[in-house]
Structure formats: C-alpha cells, structure tokens
S.K.: 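Once you've had a glance at the structure underneath, I'll fire off some questions.
Throughout, residue positions are numbered sequentially from 1 according to the sequence presented. Owing to the predicted nature of the structure, the values given are computational and were not obtained by experimental measurement. Atoms within a ligand are numbered from 1 in the order they appear, just like the ligands themselves.
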Amino acid sequence: MAKDYYGILGVSREATDDEIKRAYRKLARQYHPDVNPDPEAHDKFKEINAAYEVLSDDQKRQIVDLGGDPLAPGGGMPGGAGGAGPFVGFQDIMDAFFGTAAGGGSRGPRPRTRPGADAILRLELDLVETAFGVEAPITVDTAVLCTQCSGAGTAPGTHLSTCEVCSGRGEVQSVQRTFLGQVVSSRPCQNCQGHGTVIPSPCPTCAGDGRIRTRRSLTVKIPAGVEDGMRIRLAQQGEVGPGGGTAGDLYVEIHERPHDVYSRKGDDLHCRVTLPMTAAALGTRMTIKTLDGEENIEVKPGTQPASTLRIRGKGVPHLRGQGRGELFVHLDVKTPTKLTADQERMLREFAKTRGEDVAELSKQGGFFSRMRDAFNGH
Ligand SMILES: [Zn+2]
Ligand SMILES: [Zn+2]
C-alpha cells in the first residue's frame with residue numbers, strides 16, 4: 001500500500017507546486033524538532049519531509065499518481081517495475097536540520113591522545129599446564145609508544161600548530177538557506193580531522209601517530225585450574241592509543257588441547273579402562289598414569305560392567321580456593337568373542353557348576369520367574 005503523500009501535506013491531488021510548497025512550509029514550522037520537542041512530532045516531521053520530497057519532484061509525483069511509492073525499497077511501482085533510484089535532497093535537508101546530531105560526534109576539538117584498543121590472544125595449553133599453572137612465553141603484535149616523540153607525533157624540535165581552517169575549533173560551520181530560513185550546521189574540520197591542531201613536521205619514526213607497531217614478548221603467569229575458554233586479563237598490555245594514549249588491556253584466552261587419555265568436566269577427570277571378563281570376576285590390580293604420576297588401583301572381585309572407580313583428589317586443582325576435583329575411571333568389561341574349542345568347553349563346564357542353563361536362560365529363577373509372575377497376575 002503506497003503512502004498517501006497528498007494526505008500528509010493536506011493538499012488535493014490537483015495541487016499546484018506552489019500550494020504544495022506552502023503546505024509543506026506551514027507544517028514544517030509546526031513540527032520542526034526545535035519548535036516541537038514531542039517525539040511523535042519528530043516522526044511527523046520526517047513524514048512531512050518525505051511527502052514534500054516526493055510531491056515537489058515531477059518524476060516522483062508521477063509515480064505516486066500512478067499508484068506507486070517512489071520512496072519504497074525497490075522503486076515502488078505497482079507490479080514491481082520502476083527503480084526510482086536513490087533520491088537526493090532529503091538526507092541533505094535532514095543533515096541541515098539536525099546538524100552534528102545526525103552526523104554524530106560532540107562539539108569541540110577531538111583530543112589527539114585517545115585510549116588504546118584492547119587485544120586478545122589465543123594460548124594453547126596442555127591439560128597438565130591448565131591443571132597446575134604455567135608461566136607461558138607469548139609474543140604479541142601490538143602498538144607501543146614512539147620513543148622518539150614520546151607520543152606527541154611531532155618531529156624533534158617542532159610543535160603542533162593551530163589549524164588555520166577552523167582556527168582550532170575542530171569543526172567548520174556552514175550556513176544553508178532553506179524554506180525555514182537559515183540553518184547552520186557543523187562538521188568536523190577536514191584539514192585537521194577535527195583535532196583543531198595540525199602537525200607541520202611529523203615525527204619520522206611514527207609518521208605522527210605517536211606509536212609504532214612492533215612485536216613484543218612477555219611471560220604470562222597462568223594460575224592452576226584454568227579452564228578452556230577462560231580469559232586472563234593483563235591490564236594495560238594491549239595497544240597504546242593514538243598520540244601515546246593509555247594502553248588497552250590484553251586478554252589471553254585459554255585453549256586446552258584435548259588429552260589422549262583424560263577428558264575434563266569442570267575439575268573432574270574421566271578415563272575409560274577395558275578389562276577382560278575374567279579380571280572383572282576375579283579382581284585385579286592395575287597402574288594408571290594420573291596428573292601426579294602413577295597410581296595403583298584395585299579392581300575388586302565381582303566388578304560389574306560399566307562400574308566406575310573414583311580416585312579422590314586426583315582431578316584438576318580448583319581455580320579458586322583449596323582442593324581438587326576427582327578422577328573417575330570407567331571400567332568396560334570385555335566379553336571374549338573368539339573361543340577355542342577348549343575354552344568353550346571349560347566355560348560350559350563352568351556354567352554347569354553354577355547351575356546356569358545357558359541353552360535356555362528363561363527356565364531359570366530370578367528375573368525370568370518374576371517376569372512370568374507379573375504376567376500371570378500373581
Ligand atoms: Zn581544522
Ligand atoms: Zn614518533
């Protein structure tokens with residue numbers, strides 16, 4: 001649905017250019033943001049401008065008269081044809097009215113010295129390093145203070161001078177004539193980029209930036225118990241700002257390399273050990289490697305599949321406070337798959353001694369008799 005631009009200005013479809021102009025001026029005075037601070041008036045004002053933009057242009061007015069909307073995305077002719085193209089004028093009017101508010105930025109010269117940006121660096125560590133902490137050497141590409149000019153950006157023996165274009169104000173004003181009278185707008189001075197000062201002879205080392213790019217090496221102390229994804233902040237180890245401004249912070253992001261044996265959940269460690277059925281039945285001992293060295297563990301006789309052994313205090317040290325996580329050893333009991341004729345005979349013998357009818361398990365008591373009873377209504 002195309003907008004009713006005639007209705008917005010309150011004129012008939014046969015209105016002359018003069019009538020349209022008069023209607024626009026009347027409404028613009030009424031809704032101009034300087035006169036009418038109501039936020040709704042602001043929207044109305046935009047609408048009025050858009051309507052005038054359209055109806056004061058013969059080509060766009062024709063599109064409206066044909067039922068289209070020249071300001072709609074894609075041209076706005078009914079049926080999708082058209083392509084009125086980007087309209088000129090409207091944004092200029094808005095800029096003139098709203099001045100620096102629309103363009104952004106505050107009044108007055110911009111300081112040459114500004115704070116530096118933060119930086120982030122990725123650091124890959126092994127499980128042992130994240131668990132117990134490490135002093136890791138890192139290199140970082142960054143900006144440091146230019147020592148030749150100490151951040152001033154001027155060549156030795158020279159100074160900043162006041163910008164001649166803006167007389168040090170950092171902004172230039174232009175006056176535009178509109179239907180509402182004279183409108184003054186301010187823009188940052190192009191000559192000094194808004195600083196109000198210029199550097200007549202830039203420092204040869206930093207070309208006036210006050211800082212130079214370099215590669216720095218430093219050592220970062222990683223505390224025990226850090227986790228994958230954590231960031232360690234090194235205050236003011238980031239980039240020095242333009243004009244030698246305060247350095248930003250450097251964040252070191254921890255990435256823990258996957259371990260061959262252990263997986264980590266919080267401060268607990270988990271691993272899987274496979275043991276043969278006979279060892280699970282008879283019990284066994286084994287030695288596993290933990291973060292602290294070798295650990296002898298005992299598997300009790302009659303250990304069931306999917307059992308877990310918990311080894312207290314052999315996980316990752318807690319980052320804050322005392323103590324450590326646990327180490328869990330998940331036991332997978334392996335059933336033999338290929339039996340020799342001899343082994344099979346012995347296993348059948350073994351089953352017989354236990355009264356286990358392996359040929360027809362459901363003849364046994366226990367679970368199967370309970371199952372029968374459940375269906376027989378006992
Ligand atoms: Zn200037
Ligand atoms: Zn310099």
S.K.: What pairs of donor and acceptor atoms, side-chain ones from residues 234-245 against any protein atom, are under 3.5 angstrom apart with sequence neighbours left out?
M.R.:
residue	atom	partner	partner atom	Å
Gln237	OE1	Arg216	NH1	3.4
Gln237	OE1	Arg216	NH2	2.6
Glu239	OE2	Arg213	NH2	3.0

S.K.: Can a side-chain donor-acceptor contact be found between Asp69 and Tyr5 if the only test is distance below 3.5 angstrom?
M.R.: yes

S.K.: With a cut-off of 2.8 Å, which protein N/O/S atoms are close to the Zn ion (ligand 2), if we only count those under it?
M.R.: Cys146 SG, Cys149 SG, Cys203 SG, Cys206 SG

S.K.: Not counting sequence neighbours, which residues clear salt bridge (charged side-chain N to carboxylate O under 4.0 Å, His left out) with Arg61? List them please.
M.R.: Asp17

S.K.: At less than 2.8 Å, how many protein N/O/S atoms surround the Zn ion (ligand 1)? Leave waters out.
M.R.: 4

S.K.: Step by step, would you call Ser185 with Ser174 a side-chain hydrogen bond (donor to acceptor under 3.5 Å, both in side chains)?
M.R.: CA-CA 5 Å; Ser185 65; Ser174 60; 3.1 Å; yes

S.K.: Between Tyr24 and Asn49, is any side-chain donor less than 3.5 angstrom from a side-chain acceptor?
M.R.: yes

S.K.: Does the pair Arg345/Asp342 count as a salt bridge with the N-to-O cut at 4.0 Å?
M.R.: yes

S.K.: Which of parallel (below 30°), tilted (30 to 60°) and perpendicular (above 60°) describes His330 and His270?
M.R.: parallel

S.K.: Between Asp267, Asp268, Asp292, which is the residue that forms a salt bridge (charged side-chain N to carboxylate O under 4.0 Å, His left out) with Arg324?
M.R.: Asp292

S.K.: Ignoring hydrogens and geometry beyond distance, is a side-chain donor-acceptor pair present between Glu256 and Thr130 at under 3.5 Å?
M.R.: yes

